[in-house]
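First comes the structure, then the notes that go with it.
Order of the sequence lines sets the chain letters (A, B, ...), proteins ahead of strands, with each chain counted from 1. What you see is a predicted model, and the numbers here were worked out from it, not measured in a lab.
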Amino acid sequence: MDSPAFSLQGLNSEQRKAVTATEGPVLVLAGAGSGKTRVLTYRIAYLIRELGIPPFEILAVTFTKKAAIEMQERIQKLVGQVHGVWLGTFHSSFAKILRHEAPAFQYSPNFVIYDTDDQCRLIKMIMEELDIPVSRFHPKAIQGAISQAKNRLIAVEQYFNQSGNPFEDAVIHIYPEYQKRLRENHAFDFDDLITVPIKIFKQYPDILCKYQKRFQYILVDEYQDTNKAQYELIRFLSKKSRNLCVVGDDDQSIYGWRGANIGNILNFESDFPETRVFRLEQNYRSTKNILAAAHAVVSRNQGRKSKKLWSENPQGEKIEIWEVDDEREEAFKVVDKIQEEVFKHKRPFCDFAILYRTNAQSRALEEGLRRSGMSYIIVGGVRFYDRKEVKDVLAYMKLIVNPRDTISLKRVINFPTRGIGDASLRNIEIWARKNNIRLFEALARSNEIQGISGRAKTGIKHFYDLIVKYTSLSEKISPAELTHTLIEDSGVLRNYKEEMSLDGQMRIENINELLKAVQDYTEETENPTISGFLEEVSLVNDVDQWNDKSNAITLMTLHSAKGLEFPVVFITGLEENLFPLSRSIEKTEDLEEERRLFYVGLTRAKEKVILLGAQNRRLYNNHEARLPSRFLDELDQNTCNFFSTHSIRSTGDLLKRDQQYIEDGIMPDYESFSQEVGSERLLAGQWVMHDMFGKGQILNVHGHGSKEMVTVKFKNGVQKKLIVKYAKFKLIV
DNA sequence: CGGATTTAACTTTTT
DNA sequence: GTTAAATCCG
């Protein structure tokens, strides 16, 4: 193996100490931009190269796949190709262990992983069976409660001991059934990937022992984001060797709502006696100004370890704070500043990140960017693998690998339509349950079941044969080939081709994109299997896919931005009730988490930060006046410059400004706005009386001002597109 | 039974 | 503005 010489040069003294303290528990408190990943990668390299530790004795866990890949690449740069280090996310690493140990808990090694959507479907099914109306409790809320319980490792009985609350009662009933169904379907949810290994380790000491021996050195990245379950798991595994190194920053703990327990990092020293603590406080990323501002904010939090980042970087420009009129002007201002920066400093677009608290805010920003013609990428929102058409194909694949997966079965048994309606399906289910036969196997015996039409029977036979055929095929041909023929054979592709709509075309493109992903996977993986691909897919997120090579402005939530850096960062929507979010304001811990989120946002920037807040914002369908975020007051005022585009005092002014913008061609016609303020607001569904055609109903409204058009369906069945300005009709109230 | 059309609800952050 | 569920009709 040909590899570069390894040395610890290029590390500062504290980093070097953290890297070489290989034995015993180690806590590295690594502030933002202080070389956290550097320490982790050097440490792994050091273990292998200097101490001669076999790579397979090292387990390194991260939170995102992107972080894992980055570490892998950097280790490779340090010591060349290394095989055998277990380096992955929490979820993927333990999914791997679960597949190994599947026989121990009577699961198929091809078990499927249910995402939130699958979980909700299952919960909904259970609720229907238990006669709990879905309208009363959202399956989503139930799912959240179950997830919380799992993450905190609290048994349900214990969690909801004081009953009487109808919601908790519902959870008490649903939870055990839910777990039972997961088992029947040979499925795990996300949280199971962490909690089930704990159960196995407790139940089978020999299995635990095996992994304790195997993983002599354990490293955990982003330790501040671990929850109770993850903490327990790590504690179990490191008990023998005691060589546990965790790296984190309590100031960057932003996943409390997901069960992350900031106490894990704050109490590490007491939980692991003889811990050696190293503090990385030199920041290599940001200017002094940015650091000062960020420190002023985060130091207001009570529950934190005291520390202060310092830097040898230049002072840098002051932070700009812009108060704008509304979200549209916010977008214009962002565009404006980007143009200025591009012009002044010849910056490429990929230098910029626009961050926001909620995904919903991306729309207005996107609109502004689109108008300006600058290229941008939105990370987040609807995920690729959450798209309906993609999930449909995945459901077929899941079913082929694991026919017990009834959630996937129900999803695609009648998609594309095969004449199998609700009634038929229900009859099969009842029959299967009565005869104690698995749902999928029952399909083969539809002849014996009452109440199924002839059409449904042929459909069922086709479907069953299709799945069986592909199950056996999956052992002979590659995942890529299989998927390719599957989308033809199942009729999924045909179904969308027949749609002939723009929508259908996009769906086909997405399916092709999925196909490409399978292809890539097949080529890159040593032993490609369908279930391997499915696992990979269920554990990726959008940031993982985001490719920083393209020259585009990045739009993402503050949460997604963690771990990344950009020369110029915009943080938008700095308004009370948005950032901090309204529901976080009351509880101190929640507010502190929001503040940490702000801190994370600020420290993403290398050179320049621009903060924006609007005085009016239209969000979730109503617009309202807004107050500046309290976080703006918390900044160190010496590091900031305040600007305002404040020129508008009334709705009338706002209208005038918009008219001007439209005339100048700065702003496109916003039909939504015209509908809001027009005296005669035209909406789909309203009835009109036309001089010539008589009575009719508006189907939709589009365009604005003199170009405003409506489609009306008249009583005589004729549909007409009419230009409002010229058409002679009246609204019937 | 299935397709089309209409209505309603929903938006915090995500492995 | 989007998506899922409900409803209606052939």
Side-chain angles (χ1 to χ4, degrees), chain A residues 61-68 88-95 113-117 120-121 124 134-135 138-141 144 147 150-151 188-194 222 225-227 229-230 253-260 355-364 366-367 379-383 385-388 414-425 452-456 459 495 498-499 503 538-544 556-562 573 577-584 590 593-594 596-597 600-601 618-621 671-672 684-685 697 699-700 713:
Chain A
V61 279
T62 62
F63 271 81
T64 64
K65 208 174 144 190
K66 186 174 164 52
T89 64
F90 261 101
H91 291 84
S92 71
S93 301
F94 289 101
I113 298 167
Y114 280 174
D115 65 13
T116 319
D117 184 61
C120 288
R121 279 166 188 261
K124 220 178 115 199
V134 179
S135 52
H138 288 279
K140 189 88 219 300
S147 173
K150 287 187 178 181
N151 281 328
F188 286 128
D189 64 23
F190 277 135
D191 307 311
D192 285 339
L193 298 179
I194 310 296
E222 307 277 17
D225 290 330
T226 51
N227 59 38
Q230 289 160 333
S253 162
I254 53 173
Y255 286 103
W257 49 274
R258 205 171 72 190
L355 309 180
Y356 36 80
R357 178 68 240 264
T358 67
N359 279 310
Q361 286 164 255
S362 65
R363 187 158 300 148
E366 190 182 358
E367 195 68 49
V379 179
V382 185
R383 287 195 202 90
Y385 289 106
D386 283 348
R387 294 205 149 94
K388 185 196 170 295
N414 204 29
F415 179 84
T417 50
R418 298 184 175 87
I420 311 164
D422 289 344
S424 304
L425 190 59
I452 294 173
S453 68
R455 184 159 52 144
N495 178 75
E498 278 164 8
E499 254 183 40
D503 199 55
S538 57
L539 300 174
V540 296
N541 71 30
D542 263 4
V543 184
D544 299 337
M556 61 170 91
T557 64
L558 286 141
H559 280 89
S560 307
K562 192 164 83 160
N577 297 326
L578 184 59
F579 192 25
L581 211 55
S582 54
R583 53 220 297 176
S584 317
D590 291 349
E593 181 155 315
E594 294 280 307
R596 289 194 292 270
L597 191 56
V600 167
R618 188 184 143 118
L619 206 58
Y620 311 143
N621 241 356
E671 57 191 27
S672 52
Q697 195 176 18
L699 295 179
N700 58 54
K713 190 175 187 177

Nearest atoms (heavy-atom pairs only) where A:Thr62 meets A:Ala67: CB-CB, 4.0 Å

Spacing of OG belonging to A:Ser538 relative to CG belonging to A:Asp189, to within rounding of 0.5 Å: 11.5 Å

Under 3.5 Å: donor-acceptor pair, side chain of A:His91, backbone of A:Leu193: no

Touch class at under 4.0 angstrom, heavy-atom based, for A:Ser92 against every strand present: nothing

A:His559 to A:Tyr255 - nearest heavy-atom pair and separation: O-OH, 3.6 Å

Nucleotide-level pairing of DNA chain B, given in dot-bracket where Watson-Crick and G-U pairs need both distances under 3.5 Å and | marks other strands: ||||||||||.....

B:dT13 base / A:Trp257 side chain donor-acceptor hit below 3.5 Å: yes

Contact check, side chains of A:Thr89 and A:Phe63, non-hydrogen atoms, under 4.5 Å: no

Residue whose closest nucleotide on DNA chain B lies nearer the 5' end, A:Phe90 versus A:Arg357: A:Arg357

Backbone N/O of A:Arg418 and side chain of A:Asn414: donor-acceptor pair under 3.5 Å: yes

Report, one pair per line, the protein and nucleotides 7-10 of chain C atoms (nitrogen or oxygen only) whose separation is under 3.5 Å.
none

Sugar-phosphate, base or nothing in reach of A:Asn359, heavy atoms under 4.0 Å: sugar-phosphate

Closest to the A:His138 side chain, choosing from B:dA9, B:dT13, B:dC1: B:dA9

5'-most by nearest nucleotide on DNA chain B - A:Asp191 or A:Ala456: A:Ala456

Restricting to nitrogen or oxygen on both sides, can you table the protein-nucleotides 4-6 of chain C pairs closer than 3.5 Å?
| residue | atom | partner | partner atom | Å |
| --- | --- | --- | --- | --- |
| C:dA5 | OP1 | A:Lys124 | NZ | 3.0 |

Rounded distance (Å) that lies between atom P of B:dT13 and atom CD1 of A:Ile254: 13 Å

Shortest non-hydrogen contact from A:Pro139 toward A:Cys120: CB-O, 3.9 Å

A:Ser424: partners by side chain to side chain donor-acceptor pair (under 3.5 Å), with sequence neighbours left out: none

Worked check of side-chain contact (heavy atoms from CB on, under 4.5 Å) between A:Leu597 and A:Arg357: CA-CA 9 Å; A:Leu597 191 56; A:Arg357 178 68 240 264; 3.4 Å; yes

Value in whole Å for how far the P atom of B:dT12 lies from CD of A:Glu593: 15 Å

Separation of B:dT11 P from A:Asn577 CG (nearest whole Å): 18 Å

Pair A:Glu593 + A:Arg596: basic N to acidic O under 4.0 Å: yes

Euclidean distance, atom CZ of residue A:Arg596 to atom P of B:dT13 [Å, nearest integer]: 18 Å

Nucleotide B:dT12, atom P - distance to NE2 of A:His559 in whole Å: 13 Å

Taking only N/O atoms, report every protein-nucleotides 2-4 of chain B pair under 3.5 Å with atom names and distance.
| residue | atom | partner | partner atom | Å |
| --- | --- | --- | --- | --- |
| B:dG2 | OP1 | A:Gly419 | N | 2.7 |
| B:dG2 | OP1 | A:Gly419 | O | 3.2 |
| B:dG2 | OP1 | A:Ile420 | N | 3.0 |
| B:dG2 | OP2 | A:Gly421 | N | 3.2 |
| B:dG3 | OP1 | A:Thr417 | OG1 | 2.9 |

Residues that A:Asp191 engages under salt bridge (charged side-chain N to carboxylate O under 4.0 Å, His left out), provided they are two or more places apart: none

Separation of atom NZ in A:Lys66 from atom C1' in B:dT14, rounded to whole Å: 17 Å

Residue A:Lys388 excluded, over 12 heavy atoms near NZ under 6.0 Å: yes

Phosphate contact (B:dT14 OP1 or OP2) by A:His91 side-chain N/O below 4.0 Å: no

Whole angstrom value for the distance that separates C1' of B:dT14 from CD of A:Glu222: 14 Å

Heavy-atom closest contact (A:Leu578 atom, A:Leu581 atom, distance): O-CD1, 3.2 Å

Which nucleotide in C:dT2, B:dC1, B:dT14 has an atom nearest any side-chain atom of A:Arg363: C:dT2

A:Ser560 vs B:dT13: side-chain N/O to OP1/OP2 distance below 4.0 Å: no

Candidates B:dC1, B:dT13, B:dT15 - which lies nearest the side chain of A:Thr557: B:dT13

Validation row: A:Gln230, A:Val61 side chains within 4.5 angstrom (heavy atoms): no

Protein-nucleotide distance (A:Ile194, atom CD1; B:dT14, atom P), rounded to Å: 18 Å

Side-chain touch A:Leu539/A:Lys65, heavy atoms, less than 4.5 angstrom: no

